[in-house]
Amino acid sequence: MTTYNTKGVCAKEISFELQGDIVKNVKFNGGCPGNLQAISVLLEGMAAKEVVKKLKGITCGQKTTSCTDQLAKALNEQLEKL
C-alpha cells in the first residue's frame, strides 16, 4: 500500500496499491466523499499508465490541481520507481 500526501486539494492523502501496472484499492482521505468513492470504483483494475493519461492535468475550480490530478502524480511517481 502506498500513501501519497496531497498538495493544494481538499483530500489530505491518497492510498492505493499497484499490482504490477494495475491500480487497486484507491482510497482518498478527505475531499468530496461521493465523487472520490465513485472514482475509486471506476479506476479499480485499470492500468496505471492509462489512469495517469486520463487524470493528469485536471483542475478543480480555481486550483491548479485536483484530487484526481494528485492521484495521477502519485501513480506516476510509483511507476517511475518500477
Side-chain angles (χ1 to χ4, degrees):
M1 183 71 78
T2 299
T3 300
Y4 180 81
N5 293 312
T6 61
K7 297 171 187 78
V9 296
C10 297
K12 301 300 177 207
E13 64 183 18
I14 306 167
S15 60
F16 60 91
E17 292 180 65
L18 282 181
Q19 292 179 352
D21 184 36
I22 303 300
V23 177
K24 298 282 188 179
N25 301 315
V26 177
K27 304 237 184 309
F28 291 85
N29 181 4
C32 305
N35 290 333
L36 295 175
Q37 185 178 10
I39 288 167
S40 298
V41 170
L42 291 170
L43 299 180
E44 184 73 19
M46 285 184 68
K49 291 177 184 176
E50 186 66 21
V51 173
V52 170
K53 182 178 164 185
K54 290 180 181 233
L55 301 181
K56 183 178 178 182
I58 292 175
T59 60
C60 182
Q62 301 295 331
K63 299 174 185 175
T64 59
T65 188
S66 66
C67 293
T68 53
D69 181 55
Q70 291 289 296
L71 175 59
K73 289 178 182 185
L75 288 170
N76 204 39
E77 282 183 13
Q78 289 302 304
L79 289 171
E80 288 175 357
K81 293 178 181 179
L82 297 178

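All of these numbers come straight from a predicted model, not from anything done at the bench.
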Linked, directly or transitively: Phe28 and Val52 (ILVMFWY side chains, under 4.5 Å): yes

Between the main-chain N or O of Glu17 and the side-chain N or O of Thr2, is there a donor-acceptor pair closer than 3.5 Å? no

Can you list, pair by pair, the side-chain donor-acceptor contacts under 3.5 Å of residues 67-76, counting residues two or more places apart and other chains?
unit_1	atom_1	unit_2	atom_2	d
Thr68	OG1	Ser66	OG	3.0
Asp69	OD1	Gly57	N	2.7
Asp69	OD2	Thr65	OG1	2.6
Gln70	OE1	Lys7	N	2.9
Gln70	NE2	Thr65	OG1	3.1

Nearest 0.5 Å, what's the OG1-NZ distance between Thr6 and Lys12? 6.5 Å

Determine whether Phe16 and Leu82 fall in the same hydrophobic cluster, where Ile, Leu, Val, Met, Phe, Trp and Tyr are linked whenever their side-chain heavy atoms lie under 4.5 Å apart. yes

Shortest non-hydrogen pair, Leu79 vs Lys49, comes out as CD1-CG, 3.9 Å

Any chain of hydrophobic side-chain contacts (each under 4.5 Å) joining Ile58 to Met46? yes

Are Ile14 and Leu18 grouped together when hydrophobic residues (ILVMFWY) are joined by side-chain heavy atoms under 4.5 angstrom apart? yes

Supply the atom-to-atom distance Leu55 CG to Lys53 NZ, rounded to the nearest 0.5 angstrom. 12.0 Å

Distance-only donor-acceptor pairs under 3.5 Å for side chains of residues 29-44, two or more places apart:
unit_1	atom_1	unit_2	atom_2	d
Ser40	OG	Val26	O	3.1
Ser40	OG	Leu36	O	2.9
Glu44	OE1	Asn25	N	2.9

Establish whether Ile22 and Val51 are linked, either directly or via other cluster members, by ILVMFWY side-chain heavy-atom contacts under 4.5 Å. no

